[in-house]
Amino acid sequence: MGMVATAERRAPIRRLDAALAAKVAAGEVIERPASVVKELLENSIDAGATRVRVELAEGGQALIRVQDDGHGIPPEEVELAFQRHATSKMAALDDLFQMRTLGFRGEALPSIAAVAEVELASCRPGDAHGTVVQAHGAAVTRLSPRGLPPGTTITVRDLFSAVPARLKYLKSRSGEVAAAQSVVAHYAMAYPALRLSLYSDGRPIFSSPGTGRLEDVLAALYGADVTARMLEIDAEHRDTRVWGLVTPPDVSRPSRAYQSFFVNGRWVRNRMLAVALEEAYHTHLMVGRHPIAVVYIALPPDLVDVNVHPTKSEVKFLYDREVFAALRGAAGAAVLSTMPEPGKTLGEIDLPGAEGAVEQQALGLDGEASAMPLAARDEAGGPAPRPRADMMPVLRVLGQANSLYIIAEGPDGVYMVDQHAAHERVIFDELMAAAPGHPIEAQFLLEPLAAELTVAQFEALETCAEDLVELGFAAEPFGAAACLVRAVPSVLAAGDPVETLRELLEGRATKGEVADWRERSLTTIACKSAVKAGQPLALEEMRQLVYRLETTARPRTCPHGRPTMILLSASQLEREFGRRG
Ligand code: ADP
Ligand code: MG
C-alpha cells in the first residue's frame, strides 16, 4: 500500500528548461547583493582598474552599479561575456593550476543576468565609441554605440525580482548594505593601491584612499589609533610568503570579524589560517578575545586550490602544515616582540610546583588559605571584615615584579597579585555597586570626540543611546557611520573611551545577549580603565590597590574569571627548599 502511494506521489524525471536551470545554477554564485558586488569587483580588478565605484540602491535589490577604469571589453566579445563558461582568463585545463586572475569560471555575468536585469557599458581606452548591451536571462540586446569614458560600468537592476524564493532569504536593507560593505572593505585591504568607494542610496559609506599603504586602508576601517599600534609580520618559507599587520595582545576584539586573510590576492575564509594566527597569541589573550589581523599569503598558484567552492571563497593548500607553521611563526614573533625583556625578577623564576599552587588556588578557594584566621587590620584601624569563603587575608606589599605582579606577603605565604586583573576587579565591583537607574559617574568633554563606527555599531547606537547614559557615555549618531561622544565614564578618562564605546556597541550588536549587556559592558569598562601590564607602580599605589582589593566581595578572580592572585604557600616553599620532607 505504502509503496503504491509513494509511487503515485513521485513526479517523473524531467529536464529543467534552460531558464530555470540557469536560475538554479546562478544560486550557487549569486546569493545576495553582496555576491554581485564581489563578482563585479573581481572583474574590475582583473581588468586592471585603479578606481572602482560601487553604488547600491535599496540595499542592492533595486540597483547595484560597479564602475571601473579598467581595460574594457572589445565590442565583438561583449555578447560572449554573458555566455556560461565564457572567459578571457583561461584557455586550457593546465591554466587552471596557474590562475593569477580572480575570475576564471566564466559564470558571474550569466549568473547575474539569470536573476536580474543587467546593463553593461564598456569602452577600451582609445576607442571612439563604447558598447552598451542589456542582458536578461539568455537574451542579450545591443544598444547603439555611445561615447563613454574608458572602462566598464555594469548596472544590475531588480535583483531576484523573478526569484521570490531568494528574496525571502535576504536580510534587512541595512543588513545587505553591511554585507556589501564588508566585501568592499576586504577588497580595499587586499588591494591598497585601488581607490574604492561605496555609496548606498546616494550616501557615501566607505572609501579607501588608494595610496598603496595598508595602514591607510586600516585607518579608514578600524581607526588611526588602533592602526598605529599594529605590528608588522613578515616571513618566508620555501615558496610561501606570509606578511601583513596584527595587533599586539593588548588590543583585541570580542569576535574574529576583524581578521582577514588573502591568498594570492583573493579574500578567503580558512579555519586553519585563523587557528594558526591565534595559536601565536595563546595564553596572551583571554578566552573569547581575538586579535585584529590582515594577513597576506602568496604562493605559487599550483600549491593552492581555489576551486573548492563556487564563489572561490574557500581554499585548500597542498602543503597546509607549512602554511600553518609560516603564519604561526610570523605572528608569534610579532607577539613576542611586545613582551618585556626577560630580567632576573621574582616573577620570572620558574618554581617547580608553582603551577600546582595556581591550580590549588583556582580550584579550592575555600582550602588552606582562607581557612586561616584573618590577621587583624592594625594600621588601617577599621574593623576586620567578616571572613568569607572567597575572601583574602590582609597582605603586606613587598614590591613589583615584571611591571606586572605585585609581590606581597600574607599569613600563609607569598602572594603574587596580577595588577591588571586586580584593578579590573576593584573597578568592576565599584561600578556594579551603582544601582541601576543611577548612572555611573560621567565626565563631560569640552570638545566632543568623533568616532567612526561600523554599520553594525552604528545601528546598535540607535537602539541603545539611552542605556549608554547609564554607563556614563553620551553619544549621538553623526553622519552615516560615525558618532559624537560628549561624555565618557570618569574612570575611563585616562583610557581609550572611543575604543571602549565601539566595543560596547559591538557587544550590543551581537544578537540575543541584550539581557546581560550592562554587566558585560561594565566588564569592558573595568578592563579598559584598569592599570595595564607593564606599568611600573609606586609602593603606595600598590598598597592602595591591594587594600581596595581586600574590601571587594570576590577578590580572588577578575570579572572575566581569571585569578587575580596566586599563592606560594609557606608549606610549599618549605618543601621546595627542602626544609620539610
Ligand atoms: P570570469 O571572470 O570568470 O572570466 P565573468 O562572467 O565574471 O567570468 O566575466 C566574463 C568575461 O567578461 C571576463 O572573462 C572578462 O573578459 C569580461 N569582463 C567582465 N567584466 C569586465 C570588466 N569590468 N572589465 C573588463 N572585462 C570584463
Ligand atoms: Mg568574473
Side-chain angles (χ1 to χ4, degrees), residues 22-23 25-31 33-55 64-93 95-116 118-127 130-138 140 142 148-156 159 183-184 186-187 190-191 194-197 264-268 301 305-313:
K23 279 180 192 151
E28 290 192 2
V29 187
I30 306 300
E31 268 178 348
S35 350
V36 175
V37 171
K38 172 180 180 289
E39 293 296 333
L40 297 184
L41 247 177
E42 289 188 351
N43 281 347
S44 297
I45 293 167
D46 282 345
T50 64
R51 298 175 75 145
V52 184
R53 177 189 165 98
V54 181
E55 276 170 73
I64 301 165
R65 176 175 289 139
V66 175
Q67 181 176 14
D68 69 47
D69 63 353
H71 57 50
I73 309 178
E76 64 280 10
E77 290 182 14
V78 169
E79 280 90 354
L80 205 53
F82 285 95
Q83 303 258 319
R84 202 157 280 280
H85 311 305
T87 175
S88 58
K89 302 168 193 172
M90 177 165 73
L93 182 63
D95 291 358
L96 183 56
F97 304 100
Q98 291 299 335
M99 286 319 305
R100 299 203 176 263
T101 51
L102 295 169
F104 56 81
R105 298 160 67 111
E107 275 178 338
L109 293 184
S111 295
I112 297 169
V115 292
V118 181
E119 186 180 293
L120 183 152
S122 189
C123 185
R124 290 180 299 178
D127 280 3
T131 320
V132 185
V133 300
Q134 282 176 343
H136 183 55
V140 183
R142 199 175 266 250
L148 292 171
T152 304
T153 301
I154 297 185
T155 308
V156 176
L159 181 66
V183 168
V184 173
H186 281 91
Y187 279 95
Y191 298 89
L194 189 64
R195 281 179 70 177
L196 250 174
S197 55
N264 289 350
R266 189 187 303 280
W267 175 32
V268 301
D305 185 358
V306 295
N307 218 0
V308 196
H309 188 265
T311 63
K312 304 184 234 77
S313 58

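Whatever order the structure lists them in is the order used to number ligands and atoms, beginning at 1.
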In terms of atom number and element, which parts of ligand 1 are under 4.0 angstrom from non-hydrogen atoms of A81? 10 (C), 12 (O)
May I ask you to decide if A116's main-chain N or O and H136's side chain share a donor-acceptor pair within less than 3.5 Å? yes
Distance check, rounded to the nearest 0.5 Å: I112 atom CD1 versus L40 atom CG? 4.5 Å
After noting the C-alpha distance and the side-chain angles of L41 and V184, does the key distance pass the side-chain contact (heavy atoms from CB on, under 4.5 Å) rule? CA-CA 8 Å; L41 247 177; V184 173; 4.2 Å; yes
Side chains of T155 and R65: any donor to acceptor distance under 3.5 Å? yes
Non-hydrogen atoms of G70 versus ligand 1: any pair closer than 4.0 Å? no
In terms of the angle between their ring planes, are Y187 and W267 parallel, tilted or perpendicular, with boundaries placed at 30° and 60°? perpendicular
Under 4.0 Å, heavy atoms only, figure out whether ligand 1 is touched by the backbone of E107, its side chain, both or neither. backbone
Proximity to ligand 1 by part of D68, non-hydrogen separation under 4.0 Å: side chain
R53 CZ to R195 CZ distance, which is reported to the nearest 0.5 Å: 11.5 Å
Record the part of T152 in heavy-atom contact with ligand 1 below 4.0 Å; permitted values are side chain, backbone, both and neither. side chain
Should D46 be counted as touching ligand 1, given the test is an N or O pair under 3.5 Å? no
From CD1 (I73) to OG1 (T152), nearest 0.5 Å: 5.0 Å
Number the atoms of ligand 1 from 1 as they appear, then name those within less than 4.0 Å of a heavy atom of I73, with their elements. 17 (C), 18 (N), 25 (C), 26 (N), 27 (C)
Check: P110 N/O within less than 3.5 Å of ligand 1 N/O: no
Need the ligand 1 atom indices (1-based, order shown) with element for anything under 4.0 Å from a heavy-atom of A47. 24 (N), 25 (C)
